[in-house]
Amino acid sequence: MSSISLSKGQRIDLTKTNPGLTKVIIGLGWDTNKYSGGQDFDLDASAFLATSEGKVINDNEFIFYNNLKSPDGAVEHTGDNRTGEGEGDDEQLIVDFSKVSRHIEKIGITVTIHDAEARSQNFGQVSNAFVRVLDASTNEEVLRYDLGEDFSIETAVVVCELYKHSGDWKFNAIGSGFQGGLAALCRNYGLDV
């Protein structure tokens, strides 16, 4: 099976066309321009486990470096990579569709720049950002979305959403940027900061 490459705004089916795909690895990667501000970049992936309205109703269903696993065990962050060095995925989240709580119908996957304001950093200095979905049982890449160089002053990006439609999970390539970092994303998903 070959991987499908998506562009911004595209939606694609995950579980319906891939019977037996119950557990996926969401791999996120990026390169940073170290020389722009002299400070290291620390980019962080997070997941917002939301209702069909796109709101997170329990604080512990926001998955990030200080809360690595959702209460239902469906989404797990494999840990913070503080440098973004090296090939391949910089951070990964594991999603087990069979464990997702009934009230959760959307999983927003986001990336933020830690301490962006203090370090004068933004996504204009980040290149080659991508997300890919792997079948956890085979490690085969199912799809990939390259975000392109659309960003300038944003400090947070909603990369994609996994969402439930008629009982099946789909993937939406979103790629929308926010100013205001993680706090702006939390407000977007209905969390008090």
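By convention here, the first residue in the shown sequence is residue 1.
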Any idea which heavy atoms bring G54 and A50 closest together, and the distance? C-CB, 3.6 Å
Distance (rounded to the nearest 0.5 Å) between Q125 CD and T32 OG1: 9.0 Å
Is the shortest heavy-atom distance from the side chain of H103 to the side chain of N58 under 4.5 Å? yes
Do N67 side-chain atoms and N60 backbone N/O form a donor-acceptor pair below 3.5 Å? yes
Are there more than 12 heavy atoms of other residues, nucleotides or ligands under 6.0 Å from atom NZ of K16? no
Verify, without hydrogens or angle tests, whether R119 (side chain) and F41 (backbone) share a donor-acceptor contact under 3.5 angstrom. no
Check the pair L182 / S46 against side-chain contact (heavy atoms from CB on, under 4.5 Å), numbers first and verdict last. CA-CA 9 Å; L182 197 54; S46 307; 4.1 Å; yes
About how many Å separate CG of D59 and CG of D192, when rounded to the nearest 0.5 Å? 7.5 Å
Are V133 and Y145 side-chain neighbours, meaning at least one heavy-atom pair lies under 4.5 Å? no
Does the side chain of K23 come within less than 4.5 Å of S137's, by heavy atoms? no
Run the numbers on T110 and F48 for side-chain contact (heavy atoms from CB on, under 4.5 Å), then give the verdict. CA-CA 8 Å; T110 67; F48 292 86; 3.6 Å; yes
Residue pairs fulfilling side-chain hydrogen bond (donor to acceptor under 3.5 Å, both in side chains) with at least one residue in residues 171-189, sequence neighbours excluded: E161-Y189
For residues 162-169, dump all side-chain donor-acceptor pairs below 3.5 Å to protein atoms at least two apart in sequence or in another chain.
unit_1 : atom_1 : unit_2 : atom_2 : d
Y163   : OH     : R11    : NH1    : 3.2
D168   : OD1    : T15    : OG1    : 3.1

With side chains defined as the heavy atoms from C-beta onward, is the minimum distance between F130 and V159 less than 4.5 Å? no
When you measure from the side chain of Q121 to the backbone of D40, do you find a donor-acceptor pair of N or O atoms at a distance under 3.5 Å? yes
State plainly whether one hydrophobic cluster holds both F178 and V56, where clusters connect Ile, Leu, Val, Met, Phe, Trp and Tyr through side-chain heavy atoms under 4.5 angstrom apart. yes
In short, A173 meets S7 closest at the heavy-atom pair CB-O, 3.7 Å
Between E141 and S3 (side chain of the first, backbone of the second, donor and acceptor by atom type, cut-off under 3.5 Å), is there such a pair? no
Show the nearest heavy-atom pair for residues G181 and T155, with the distance to one decimal. N-OG1, 2.8 Å
Heavy atoms, side chains only, cut-off 4.5 Å: are L143 and L14 in contact? yes
Student check: side-chain heavy atoms of F171 and V131 closer than 4.5 Å: yes
Find the distance between CG (N122) and CD (E117) and round it off to the nearest 0.5 Å. 11.0 Å
Would I109 and I4 show up in the same hydrophobic cluster when neighbours are defined by side-chain heavy atoms closer than 4.5 Å? yes
If we only count heavy atoms from C-beta on, is the V111 to F123 side-chain gap below 4.5 Å? yes
Any chance you could measure I12, atom CD1, to L6, atom CG, to the nearest 0.5 Å? 5.0 Å
Any donor-acceptor N/O pair, S98 side chain to T22 backbone, under 3.5 Å: no
D146 side-chain N/O to G148 backbone N/O, donor-acceptor pair under 3.5 Å: no
Tell me whether D90 contacts the main-chain N or O of W30 through its side chain, where contact means a donor paired with an acceptor under 3.5 Å. yes
Shortest non-hydrogen contact from G175 toward L147: CA-CD2, 4.3 Å
What is the distance from atom CD of E61 to atom CG of D72, rounded to the nearest 0.5 Å? 6.5 Å
Checking side-chain contact (heavy atoms from CB on, under 4.5 Å) between I107 and each of L93, I63, V75, which is the one that passes? V75
About how many Å separate OG1 of T112 and CG of D44, when rounded to the nearest 0.5 Å? 5.0 Å
Does V95 reach the side chain of I26, with side-chain heavy atoms less than 4.5 Å apart? yes
Checking F64 now: which residues fulfil ring-ring contact (aromatic ring centres under 6.0 Å, His included) with it, not counting sequence neighbours? F62
Going hydrophobic residue to hydrophobic residue with side-chain gaps under 4.5 angstrom, can you get from L134 over to F97? no
At their closest point, which heavy atom of L49 faces which heavy atom of S70, and how far apart are they? CD2-CB, 3.6 Å
